[in-house]
Amino acid sequence: MSSPAGISRCATFAPGSPLIPPRPPPGYASLRVLPSEILLELTISNRCGQAFRWRANDVWEPVDREEAKRDTVYPAGNSSSVVTKDESLVDAAVANRPIKADPDENDTSSAWPDAEHDDVGVKAEHGQKKESTSSLTGDVEWQRWTEYSMALSDRVILLRQDVSRGYVYHRTRLPDAIEAQLSGHDYVELYERGTDAWLRDYLNLRVPLDQMYQEWADKDKVFARFAKRFAGVRMLRQDPWECLCAFICSSNNNIARIGQMVMALSHRYSPPLLTLEYPPPPPTTGTDATSTGVEAGPTRITYHPFPAAAALTSEDVEGTLRSELAFGYRAKYIWQTARVLAQTHVGPEPDCGYECRLALEGLNLAPVHVTTRNLSRPATPPPTPRKRKRTKTDANRFAKEGDGSASTESSRLQTTHSPTSFLHSLRSMTYPGARAELIKFQGVGPKVADCILLMSMDQPSSIPVDRHVYQFAARWYGMRVKEGTKGYEELADRFRQLWGEYAGWAHSVIFTADLRSFQNFKVEAVKGEKVKQEDLSSSIELPGLNTIDAKPFVPTPPTAPLVAAQPEYEMLLKPVDKSSYHRPRRPVSRRVQTLESASAGKEPTHRSTLEGKASCPLRPSSQAQTSSPAENAHGDATPSTTMADRVKITRRKRA
DNA sequence: ATAGAACCTGTGAA
DNA sequence: ATTCACAGGTTCT
């Protein structure tokens with residue numbers, strides 16, 4: 001166990017030897033995962049377009065010189081976690097207690113007291129009161145972490161990745177009232193274990209990613225180009241309801257705004273769970289505020305769970321989403337979807353903490369919590385020759401019926417599922433069956449359905465064919481199809497032919513590599529010299545790829561082989577890809593449309609109001625290193641206006 | 001059955 | 001200062 005001497009700060013990589021024991025920060029538990037199996041930055045970061053609710057905060061900790069004396073023996077090899085039973089773990093956890101949300105705050109514009117501020121993590125004014133940081137004596141060495149955090153229904157999960165050692169560290173934060181009462185034993189037994197189980201499930205750790213990378217790279221030269229630089233792109237197993245909402249928001253939208261919308265939805269329609277405080281960077285780092293001289297205060301973040309469908313069913317939701325949260329035309333889709341779900345599946349929602357409970361019990365499917373008796377639809381793929389297909393318009397009508405006054409037709413369709421359990425139950429359906437169910441919702445088409453299936457419903461072969469896919473299919477694979485239903489399916493099938501059962505996972509690697517947000521990811525910047533983009537745009541010799549005959553591909557239920565983490569991992573630092581491809585121009589007709597809508601008395605696109613300039617430091621400025629100014633709002637979470645800032649004006653014409 | 005147009009909003013670039 | 005294209009599409013005609 002020879003650890004390199006100088007790996008103190010944000011080591012991009014060092015070989016993750018199983019012999020190197022984990023060194024979790026105080027209060028954190030360890031989960032053994034090599035970076036080739038998952039790289040959080042490429043997976044849960046809200047820049048990836050997969051999950052949208054994780055925050056990324058920089059945290060600095062003084063480097064502990066003397067070896068942390070931990071009594072645990074860490075097994076080498078496969079992913080296995082160690083939950084330290086040491087009481088000091090709990091002590092440390094309780095020491096840094098979360099701050100309560102201000103109860104006196106009076107916010108009329110929102111349902112929850114803090115909703116105007118917390119979703120952006122307001123910087124506190126006073127930078128003097130440093131409570132947790134040790135007094136910084138002369139030459140303290142600081143280590144910077146990126147900490148990801150997200151609220152589940154009953155807790156906040158904190159995640160850090162130690163790439164050099166091959167561990168993910170996690171920690172559970174609870175509301176004040178609960179955390180104060182817990183003994184160390186309870187903390188571990190009631191919460192930390194559940195978090196660990198949830199994390200394994202959520203991160204899909206049973207799938208051997210590194211091994212699949214090798215297989216994909218063998219079959220696909222294009223994939224091989226990205227395999228090293230974009231190692232660790234793993235598909236999450238997200239909550240279906242949240243995933244459904246997020247990808248309804250995704251239509252005709254960019255990743256940054258999708259994330260903002262999902263966050264805004266949470267903060268507006270679910271109560272605050274707890275507030276955490278992130279200290280400002282230590283002065284010694286000299287990364288940030290040295291130029292300004294302004295001592296930054298701590299960043300406070302209040303976490304909200306994702307709201308249940310029932311919270312989005314009241315009449316005013318659509319208008320609120322539209323005028324206050326700037327959802328645009330997607331407001332109606334979200335509202336209708338929530339309404340149809342809540343009125344169709346009338347069983348009680350699972351209690352708080354169901355995510356971890358499900359994972360702890362090893363139950364992948366929803367029907368555990370709710371009896372699924374009078375299902376109107378079979379749990380197996382529906383026999384397609386139905387008399388009269390239930391159309392989206394029908395669903396729309398159904399949504400608009402009064403709450404209690406269910407027509408005979410409606411009541412016949414009701415189930416004892418809850419919205420949550422119904423969506424979970426789609427995980428046990430076949431790909432076409434679950435897809436058909438999803439497409440019934442307004443705002444869900446083939447692409448969005450495939451996103452949901454891939455990212456939350458155990459359909460790893462599902463390939464969402466979007467603009468990117470058409471583009472790189474043509475450019476890199478020579479697959480040219482006409483955009484449209486037929487081309488969509490053909491393209492997806494051909495990629496399934498190429499990549500196999502987990503084709504959707506491979507697709508995600510290419511997709512991520514194709515994001516402009518990651519255009520410079522792990523690319524050594526040659527000083528002053530721009531790397532030419534011809535590398536990627538130039539045609540690549542790919543004999544055979546163009547002639548894959550599109551046999552119908554029948555997706556199979558996912559298998560879950562145990563992960564065999566590869567101990568070796570090499571990072572490629574070749575400055576190969578600095579691509580920015582040129583997207584195809586859209587039809588000129590859009591110009592007309594824009595002009596027309598602008599002249600239709602809408603609010604101006606750019607508001608000049610400055611009053612609501614509250615920044616949105618989802619990530620501290622030091623972390624936003626987007627080098628491409630052309631990045632469409634990816635690089636920084638600093639909108640010109642806040643959600644609460646906008647004035648409601650438009651009474652939309654409803655056709 | 002298949003094309004086009006329309007749809008909200010925010011941002012960088014021209 | 002203004003305008004425009006574009007962003008992980010879907011719905012309607």
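Counting atom types as modelled, A:Y329 pairs a side-chain N or O with a base atom of C:dG9 as donor and acceptor under 3.5 Å. Between the base of B:dC8 and the side chain of A:R257 there is a donor-acceptor pair shorter than 3.5 Å.
Comparing atom distances between the A:V448 side chain and each of C:dG8, C:dT10, B:dC8 picks out C:dT10 as nearest. Checking B:dA3, B:dC7, C:dG8 against the side-chain heavy atoms of A:M455 singles out C:dG8 as nearest. Picking from B:dA3, C:dG8, C:dT11 the nucleotide with the shortest atom distance to the side chain of A:S250 gives C:dG8. In this structure, of B:dC8, C:dG8, B:dT9, it is B:dT9 that holds the atom nearest to the side chain of A:A326.
Comparing the C1' positions of B:dT2 and C:dG8 gives an interatomic distance of 24 Å, to the nearest angstrom. Between C:dT10 and B:dT11, the distance separating the two P atoms is 24 Å to the nearest Å. Separation of the P atoms belonging to C:dA5 and B:dA5 is 14 Å when rounded to the nearest angstrom.
As rounded to whole Å, 9 Å separates atom C1' of B:dT2 from atom NZ of A:K482. To the nearest angstrom, P of C:dG8 lies 7 Å from CG of A:L515. When rounded to the nearest whole Å, the span between CD of A:Q519 and C1' of B:dG12 equals 14 Å. One atom, CE of A:M261, and another, C1' of B:dC7, lie 12 Å apart when rounded to the nearest Å. Rounded to an integer number of Å, the gap from A:R322 CZ to B:dC7 P is 10 Å. A:K486 places its NZ atom 16 Å from the C1' atom of B:dA3, with the value rounded to the nearest Å. When rounded to the nearest whole Å, the span between CZ of A:R516 and P of B:dA13 equals 9 Å. Rounding to whole angstrom units, CG of residue A:N254 and C1' of B:dT11 are separated by 8 Å.
Listed by chain and residue number, nothing satisfies the ring pair (Phe, Tyr, Trp, His ring centres under 6.0 Å) test with A:F327 (two or more places apart in sequence, or in another chain). With sequence neighbours excluded, the residues satisfying side chain to side chain contact (heavy atoms under 4.5 Å, CB included) with A:D239 are A:W241, A:E242, A:Y354, A:H424. Scanning for side chain to side chain contact (heavy atoms under 4.5 Å, CB included) contacts around A:A51 gives A:W54, A:Y202, A:L236, A:Q238, with sequence neighbours left out. In terms of the side chain to side chain contact (heavy atoms under 4.5 Å, CB included) criterion, residue partners of A:S508 (sequence neighbours excluded) are, by chain and number, A:V233, A:M235, A:T512. Partners of A:V465 according to the side chain to side chain contact (heavy atoms under 4.5 Å, CB included) rule, which considers only residues two or more places apart in sequence or in another chain, are A:I463, A:V469, A:Y470, A:Y488, A:L491, A:A492.
Residue A:G49 is in base contact, counting any heavy-atom pair closer than 4.0 Å across all strands shown. Base contact: A:C48 has a heavy atom under 4.0 Å from a base atom. Within the 4.0 angstrom heavy-atom criterion, no nucleotide atom of any strand lies near A:V465.
The aromatic rings of A:Y329 and A:Y333 lie perpendicular to each other, with more than 60° between the two planes, well past the 30° mark.
The cationic group of A:R496 lies under 6.0 Å from the six-membered ring centre of A:Y431 and within 45° of the ring axis, placing it in a cation-pi geometry.
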**Q.** Dot-bracket encoding per residue of DNA chain B, Watson-Crick/G-U cut-off under 3.5 Å, | denoting interstrand
**A.** ..|||||.||||||
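When each of A:Y333 and A:F52 is assigned the nucleotide of DNA chain C bearing its nearest heavy atom, the one mapping closer to the 5' terminus is A:F52.
One finds the CZ atom of A:F230 at 12.0 Å from the CZ atom of A:F511 (value rounded to the nearest 0.5 Å).
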